[in-house]
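See below for the structure under consideration.
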There are 2 protein chains.
Amino acid sequence: MEFMKLAIEEAKKGMAKGDGGPFGAVIVKDGKVIGVGHNMVLVNKDPTAHAEVTAIRDACKNVDNFDLSGCQLYTSCYPCPMCMGAALWSRVDAIYYGATSEDAASIGFGDHEFHDFLKDPKTDEKRKLEQFKVDNYMEPFQIWAKKDDKTPY
Amino acid sequence: MEFMKLAIEEAKKGMAKGDGGPFGAVIVKDGKVIGVGHNMVLVNKDPTAHAEVTAIRDACKNVDNFDLSGCQLYTSCYPCPMCMGAALWSRVDAIYYGATSEDAASIGFGDHEFHDFLKDPKTDEKRKLEQFKVDNYMEPFQIWAKKDDKTPY
């Protein structure tokens, strides 16, 4: 089955099980599926368990690496900012999506607002976003910069 | 100890253990810490295991709910787009950060580029971002819209 169809089937499967919203994703490497995931927000009681994050984690576990360079992400819907960020960190080289953010909004999933927030976080009135400096706020970075045995990534 | 100090200590602890980069976070509710996390990208081989995501997951597990309304996130560094998205989905009402994105860039963590990507995803030349429609791409949403026993969230 083609990869986007698999993402759609995964979305349907997860929803039928009651695991979460109607979203599915697969990760592909060299023409083979190496990771699969659907939304598990409700069953895991975890707001970060979106289909893309779940699929990325599954793929990373399967390849035993945090780096998915050379892989492609197929997701049933345009990624929310969290999932887009996860895809960037995973280093997939392509993100293919089925439905759009507008399609998702039409059934009540309004992550459109989150995309707007990321474009201009300072203007948000619903929540505070503030720098809060303590005297040693740079200490972790100073230690990291001098660390001899670190693994850069 | 004040909450930002705790986030800094968590960052130092995680880095000393070799778990990942120098980042820590705590979630606070009613003046009490209900979740703690540090970057675990290296130890978990998981690109999504940032401090904020780890702390949000820990808090959700502890309160047995995916909704952290009324909670505050203290993070040692300005959240990357993935973590900002995770914070929005978790519904915390405040995000307090220590170091800035520029501070992080000064030690080699360039998620500045990711913030830029989220502001204008279509312009990226490093990876593809394309709609890929299959004939039933709207089917999961159509099923969800008609589903009687769903839990909206």
Side-chain angles (χ1 to χ4, degrees), chain A residues 2 4-5 8 11-12 15 21-22 41-42 45-48 53 56-57 60 64-66 74 76 80-82 84-86 88-90 92-100 103 107-108 114 117-119 121 127-134 136-141 143-145 151-153, chain B residues 2 4-5 8 11-12 15 21-22 41-42 45-48 53 56-57 60 64-66 74 76 80-82 84-86 88-90 92-100 103 107-108 114 117-119 121 127-134 136-141 143-145 151-153:
Chain A
E2 60 179 300
M4 186 58 81
K5 284 268 187 187
I8 303 280
K12 287 160 62 182
M15 175 175 37
V41 169
L42 296 175
K45 295 179 184 171
D46 177 359
T48 73
V53 169
I56 287 168
R57 289 192 149 153
C60 288
D64 200 30
N65 199 324
F66 58 79
Y74 289 79
S76 64
C80 79
M82 176 178 73
M84 198 74 93
L88 297 179
W89 285 114
S90 78
V92 294
D93 62 23
I95 301 164
Y96 298 108
Y97 60 94
T100 65
D103 294 330
I107 58 154
F114 292 176
F117 175 81
L118 265 285
K119 282 178 186 156
R127 58 192 75 74
K128 280 190 197 169
L129 174 60
E130 285 180 5
Q131 190 171 24
F132 185 103
K133 278 190 188 178
V134 289
N136 67 335
Y137 81 104
M138 282 293 282
E139 196 186 355
F141 288 3
I143 296 171
W144 179 265
T151 305
Y153 68 96
Chain B
E2 59 179 302
M4 186 58 81
K5 285 268 188 186
I8 304 280
K12 287 161 62 182
M15 174 174 39
V41 169
L42 296 175
K45 296 179 184 169
D46 176 359
T48 73
V53 168
I56 287 167
R57 288 193 150 154
C60 288
D64 201 30
N65 199 324
F66 59 79
Y74 288 80
S76 64
C80 79
M82 175 178 74
M84 198 74 92
L88 296 179
W89 284 114
S90 77
V92 293
D93 61 24
I95 302 165
Y96 299 108
Y97 59 95
T100 65
D103 294 330
I107 58 154
F114 292 177
F117 175 81
L118 265 285
K119 282 178 186 157
R127 59 192 74 73
K128 279 189 197 169
L129 174 60
E130 287 181 3
Q131 190 170 24
F132 185 102
K133 277 189 188 178
V134 289
N136 67 334
Y137 81 104
M138 282 294 282
E139 197 185 355
F141 289 2
I143 297 171
W144 179 265
T151 306
Y153 69 95

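Within every chain, numbering begins at 1; the chains are lettered A, B, ... in the order of the sequence lines, protein sequences first and strands thereafter.
- Ranking P47(B), P81(B), G21(B), G98(B) against chain A, the residue ahead of the rest is P47(B), based on heavy-atom pairs under 4.5 Å.
- Counting heavy-atom pairs closer than 4.5 Å to chain B, the top residue among E139(A), E130(A), R127(A), M84(A) is E130(A).
- When K5(A), M4(A), Q131(A), K12(A) are compared by the number of non-hydrogen pairs under 4.5 Å with chain B, Q131(A) comes out ahead.
- Only the side chain of I56(B) comes within less than 4.5 Å of a heavy atom of chain A; its backbone N, CA, C and O stay farther away.
- M138(B) touches chain A through its side chain: at least one heavy atom from C-beta onward sits under 4.5 Å away, while N, CA, C and O do not.
- The closest side-chain heavy-atom distance from P22(A) to I143(B) is not below 4.5 Å.
- Interatomic distance, I95(B) CD1 to F132(A) CZ, rounded to the nearest 0.5 Å: 15.0 Å.
- Nearest approach of A99(A) to F141(B), heavy atoms of both residues: CB-CE2, 3.6 Å.
- Going from atom CE of M15(A) over to atom CH2 of W144(B) covers 7.5 Å, rounded to the nearest 0.5 Å.
- If you measure heavy-atom distances from D103(A) to chain B, the contacts under 4.5 Å come from both the backbone and the side chain.
- Considering only heavy-atom pairs separated by less than 4.5 Å from chain A, the leading option among T100(B), T151(B), I8(B) is I8(B).
- Separation of atoms CH2 (W89(A)) and OG1 (T48(B)) is listed at 12.0 Å; rounding is to 0.5 Å.
- Ranked by non-hydrogen atom pairs under 4.5 Å with chain B, the options V53(A), N136(A), V92(A) are led by N136(A).
- Of the atoms belonging to N65(B), it is backbone heavy atoms, and not side-chain ones, that fall under 4.5 Å from chain A.
- Scanning both residues, L118(B) and K119(A), for their nearest heavy atoms gives O-CE, 4.0 Å.
- Interface summary for chain B: among C60(A), S76(A), P152(A), the most heavy-atom pairs under 4.5 angstrom belong to C60(A).
- Between F66(A) and L42(B), the closest heavy-atom pair is CE2-CD2, 3.6 Å.
- Most heavy-atom pairs under 4.5 Å with chain A: of the set Y137(B), Y96(B), Y153(B), Y74(B), this distinction falls to Y153(B).
- For L129(A), the parts lying near chain B are the backbone and the side chain together; criterion is any non-hydrogen pair under 4.5 Å.
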